[in-house]
Each structure stands twice: as C-alpha cells, then as structure tokens.
Amino acid sequence: MSNSEILVKELADKYGRNRESLMPILQDVIEVRRYVTDEVLVSVAKELDLSAAEVFGTASFYSFIDTKEVGKYVIRLCKTIVCDMKGKDAIIGALESTLRIKVGQTTPDKKFTLFTTNCLGWCHKGPAMLINDEVYTELTPGKAIEIIENYMHK
Amino acid sequence: MSKMINLTINNMPVSVEEGTTILEAAKKLSISIPTLCYHEDLCVAGNCRVCVVELVGMRTLQASCAVPARDNMQILTNSMKVRQARRHIIELLLSEHNADCTKCYKNGNCELQELSNEYRIGNRLFADLVTEKNYTIDQSSPSIMKDDSKCIRCQRCVRTCSELQAVSALAVSGKGNHMKISSFYDHPMHEVVCTNCGQCINRCPTGALIERNYIDEVWEAIYNPNKHVVVQTAPAVRVALGEELGYDPGERVTGKMVAALRRLGFDSVLDTDFTADLTIMEEGTELLTRLKKALVDGDTSVSLPMFTSCSPGWIKFIEHMFPELLPNLSTCKSPQQMFGTLAKTYYAQRKNIDPKDMVSISIMPCTAKKFESVRPEMRDSGFQDVDYVLTTRELAIMIKQAGINFMQLEDDKYDRFMGDSSGAAVIFGATGGVMEAALRTAYELVTGREVPFANLNITPVRGMEGVKEASIKIENVKADWSFLEGAELKVAIAHGLTNAKKLMTAIRDGKASYHFVEVMACPGGCLGGGGQPIPTSPEIRKKRTEAIYAEDEGLPIRKSHENPEVAAIYADFLSEPLGHKSHELLHTHYKARKRY
C-alpha cells in the first residue's frame, strides 16, 4: 500500500465508509498534506466505494481543499468588494513582486502559493489575507511585505 | 386511490393525483412548459429554471418541474412576469454558450436552439462570455465528444451516468462561474471509467455531448471505386430509424432502410441479425458445454453463471467494475464483431475479394460499438474487422444528405449471404431478447421440442423491469443431454448498468445463483441505445419494443438454429459451434481495467 492509501484507510477507519464521511476525510487529508492529489482522491473513492469523478467534484467545490500542489504557506488575499476598495490591488502588487510569482502560482522552492479568495469576513479591517490559518488585517503594501519576509525566515 | 388535488392553471381547473408536479399537471391541459434540465428518465434537478411559472400570491417564480401541485393553487404559465424571466434565463444561458449553431453537429436537434427560436432571442441583453471562458473540447474518445462551450450545466449527463448507469464518469466540479461537468481531474474521456454507452449523448439537450461521427469517412469509402463496401445493420436500428425520417415511434422501416442503404451506394447490404443467430449457436453451445463441465465432469474451474457479451458498454463496465467476474463472461464476440471478422474472411473468400480492398461499415443503435470496433482484440481477420461504426442518427443524416425521400421508398430485401436472419436475432434489440433467443435454441437442442411457451414467446424474460428472473424446467431430454434431465435452468436479465451492478453485486456476494445472465448496458436494451434517435423516453422505448416483437412474429423463421445461412456457414466454413475456426474468429477474452 502506498502512503496515501494507508493514510486514507486510517481515516476511513476513523470516520466510517459512508458517503457522509467524505468531507471529514478530505479535511483531515488537507490537515496532514495541505492539498490533495489524484492518488489520494482515488484512494478515497476506493475506500468509500464512490466514483473518482464524484470525489474530485466534491473536493474541487471547496476553496480550502486544493486539488493541485501548493506551497508550505498558502496566502489567500481577499478579493471581495470591500477589500478591493480598500486597496487589495496594491497588496497583490507587493506580494507578487516580493515573491516573484503571479496569483495562482507557487514559488520554485515550494514555500509560498499566492491565491485570491472570496470574502474572509474581515471587511471592517480590510484589506485582509490568510496565510495558512493565520489572518492578517489592515494591510498596507509595506506591512504585507514585512509579514512575508518573516515567513521567509521561518 | 390516492388523493386528488384541484388547482387552476391559466384559469383552467384541473384535477391531478397527489404528488403530480405542476409541469405534469399542465400537460393534462395540453399546456407545454419549456424544460431543459428535466428528463423523464431522471430525478428532478430544478437547476435550469427555464420551466418557471407564476404561483399567484407568491413573490418568487417556481420551477414547475420540481414543485408538486397543491389544492387551490393558481398557476400562470404565460404571464408577463414568466415570459420575461424565461427570456432572461435563456439569454443568460446563451451568454455562456457557444451559439455557433449553423456549424454545430446538433443544429436542428437542440433543445436550447429550439427555445431560443421560440422566444425569438435576438440582440443580446447580456455580455457574451464565451470568449473569456477558456472552454475545452475533448475528442479523445472514439465514441463520445465533449465540448464544454456548448454545455449549459443542466446535469442531465451527470444524473444519467449516476442514476441509470452507476458509473459516474462525469460529475460536477468547481463552483460558481467555474462550475463545469468534468471527469476525474478532467482527464480525457478515453482514460476514465466511461463505458461509451452514450446515454449522456442521448439526453444532452445541446451539442455538449455528441457522438464521434464517421459520416465523411464512410462517404469516402463509398466513393472510392477500388473499395468493396459492406454494411451491416443491427436489429434495433430498424425500429427507430423512422423517427429521424418522418415516422412516429414504433414504425418498422426494415425494407425502406435496406432500400436507402442500397441507394447510398453500399456494395452489399447485410444484416447483423445473421451473426446474432450465429451468436446464439456459439453462446448456446458454450453455455451447455460449461454446464456439462460443471455438472458431469465436476470441473470446479468453470465459471457459472455465464454472462452474455453482446453489449460493449456492459463489457467495458465489467472490465472496470467487476474484473473478478470476467471469467463468467461468454467468450463470444458481439454480433457486430462476429460479422466484421466473417465479412473479411468468409464473405471475402466467397466473393473473391481481397479483404484489404474491403471497407466494413456497421449501423448501430450504440456509441460503445465505435469503441468496440477499434479494440485491439477485434482484428482477427488480419485487418480491423469493422472499419467504421455509424449510429442510427448518423445513418439518418446520410440518408438526408443523399436526397433520399425515405417515406416514398419501396421496401427492399437484404442481400443473400449473411443477410438472412430469424426472429430470434431481431429480438436481440430488446432487453431479454438474447435470453429468449438462446432459450428457444438451447431448449430445443437439448429436448428436441420447442420451448413450452405459446407461439415461442417467452414472456417472463420480456418487459421493462430492471432485473428479471425466470426459470425453465428441462425434462425428457435427448440421450446426449441426460445430465440435464429434470434440471431447472435459472436465468436473470438486467438492462441499464445500475441494474447490472445490483445483479453483479448479488452474484459476487453469493446472494443469487443463476446459470445464465443477460446484461444490456442501455435501458430497454439496444432499442434504448445511446446511438438511437433523440429524444428517447420511456414511452418511445415501449413503442420500439412492441415493434421489435412484431418484427419477430412476422418472420417465417423464429429460431436461430433454423436460419439456413447459419447451417450453411457451419457446413462450408466453420464446421461446428465452438470449433477451431470459431475459436479463432468468433471468440475473444477481455482484460481488467482500472476502476478509477
């Protein structure tokens, strides 16, 4: 058995093999692996006796289940209207030039991935971004760069 | 009797059974409400919204396909508010739809086009988003083409693949404006679990899912003076082709179809039914041999029950989903493929034609047959046995292209030599048909008497029930078959792969035991195939079924073993069923495929 198969089997033992177990299993995979691969999704489909296309369909619905490889730190900058009006574009510019990647890309050292995301619920303190599970608010380009530099040295 | 509900639609009173939807209630008053995601064979989705109606007293419009009628409802199907909403819905669908209709394969048979026409959608209110969408076209499969630029995300295909076929090769992925219909990780259709059954094509309201068509290749073969082009026609085509050419469902057009094929320029017009009869001889003998090995010789390696192997959608399904049951599959090739290999051997020798100068075409109710014809297993003649497979729909297109006035044609007859067939072969096109044909022959072979059913009609194996079971007691057998004396032959029949899955699971888990099992991938059997005219509905399948059985009863020969051409091919070429030559040409084995 591959590592993915072992992981998924353990999770299926933990949560059960009904269709309702699909989400908790995927969430735990994300917890351990940060993203899912076709290999993992096939293992889930086999364990739960579902079609692989359905498992992929479910996974791809959720913004926080990445179906492609992402870096160690995933930056999700809010793109919704309030953050947009509070200067989200300037933050994107700062992040892109600091990381030397475009939105949707991962740095060659696989450390950072930059995404935009829908509303994070921090409209009153926009612009806001998440780095993994940490939230950063009231960003300015300078502040954003400083935060990223801290992560670079982690 | 269930409770009756009284309501008014467009101020006309109507009374319907409880549970009836507004859409169905409107039908009772001869009011048509447009639909796109709704399909009689599938569960309600309610996602396209085009069927909205006004419910007086309610602020928002209601999807009539999803809302059940209730007492005292006042429904308006044609108010200003409804018309405007529908118009906007159609326009919004079109704003993301590649509406290059004149160059679309489905031009003239597209539900979205019809609606757009009905509502005379002209200058668009909404921006055209097609150019920004980065749509993809998947042409990887030899059977099915998927063009996302035509997709309106009604999910009929998704429901078809899941509810009717238990495959779910297609699912919904992404969300919001990124939502699309996709295979696993959007892999090419040729690489995923798709069985090529084409049921999704049959239900797609637009041109998003269509068959790979080979019309131009066939015309090219016909026009090539150096090629001898033979054509075979499957049993289910003759009871459905008429629907594309002006007839009502259920019209048998065998004679006219043969006449049209001759006018199209095929060198020889032959019948797949001939090899359907041959299949019965081979498969029947195989079944009896397996039974003998198991019952007399005590050979435990023999796999029973034996499964039929005519339906290529079913074959690919079992390869993906139940590879452990592959040994149970009859080794017989499908009638199409038996025909293909015999055309380029037996026929070619008799006619003194070099098989390399032959092009072998088949007309099928099926899209999976296109995939089957290019399988590496199907080259036993030394060439690709069947060169091109056309669906019933493609043949209709060719007939129209050739300017043939189909309804005016005089009936014609198949060419002799691989053109003769029995009623048993015709019923291959309906669920239970192969079983019935096999029983007619096997029973008589073993007992010397006809099957004990009035007029040879084995009614327990007929009908639209998903899984059918029957048994037949074998008594007073001939000396050779004494081991079968008093035996009860148990059979089962499934159509639609969801039913096949149920049956296979029961067999695999040892919860059901049979001797012989027939499976057809498509609902109703081949007559409801993925290559048949669109639309196909439960009512239409019923009409085609009646036509199939009428065709059987109208034929002078009703049993495969009485087909004189079948006797001739064994005398002149194959020598005996399951003989050396049969094995070489007519039998094959299939391999397990990945389930995911």
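All figures in this text were calculated on a predicted structure; none of them were measured in a lab. Numbers restart at 1 for each chain; the letters A, B, ... are given by sequence-line order, proteins then strands. Below, all heavy atoms of this structure are taken into account, side chains as well, without hydrogens, waters or symmetry copies.
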Inset, instruction - May I ask you to check whether over 12 heavy atoms, not counting those of A/I81, lie within 6.0 Å of atom CD1? - result: no
Quick one: donor-acceptor pairs between chain B and chain A, under 3.5 Å, side chains and backbone, table format.
unit_1 : atom_1 : unit_2 : atom_2 : d
B/S168 : O      : A/S51  : OG     : 2.8
B/S168 : OG     : A/E54  : OE2    : 2.8
B/G174 : N      : A/S60  : OG     : 2.8
B/K175 : NZ     : A/F61  : O      : 2.6
B/K175 : NZ     : A/S63  : OG     : 3.2
B/Y185 : OH     : A/V36  : O      : 3.3
B/Y185 : OH     : A/T67  : O      : 2.6
B/R595 : NH1    : A/D49  : OD1    : 3.1
B/R595 : NH2    : A/D49  : OD1    : 2.7
B/Y596 : OH     : A/A45  : O      : 3.2
B/Y596 : OH     : A/L50  : O      : 3.2

Inset, instruction - Show the numbers, then the answer: is there a side-chain contact (heavy atoms from CB on, under 4.5 Å) between B/F184 and A/V42? - result: CA-CA 9 Å; B/F184 180 58; A/V42 164; 3.5 Å; yes
Legend entry - Heavy atoms from other residues, nucleotides or ligands near CE of A/M152 exceed 12 (cutoff 6.0 Å): yes
Legend entry - Between A/G57, A/A52, A/A45, the one whose heavy-atom pairs under 4.5 Å with chain B are most numerous: A/A52
Legend entry - Structural part of B/V167 lying under 4.5 Å from a heavy atom of chain A: backbone
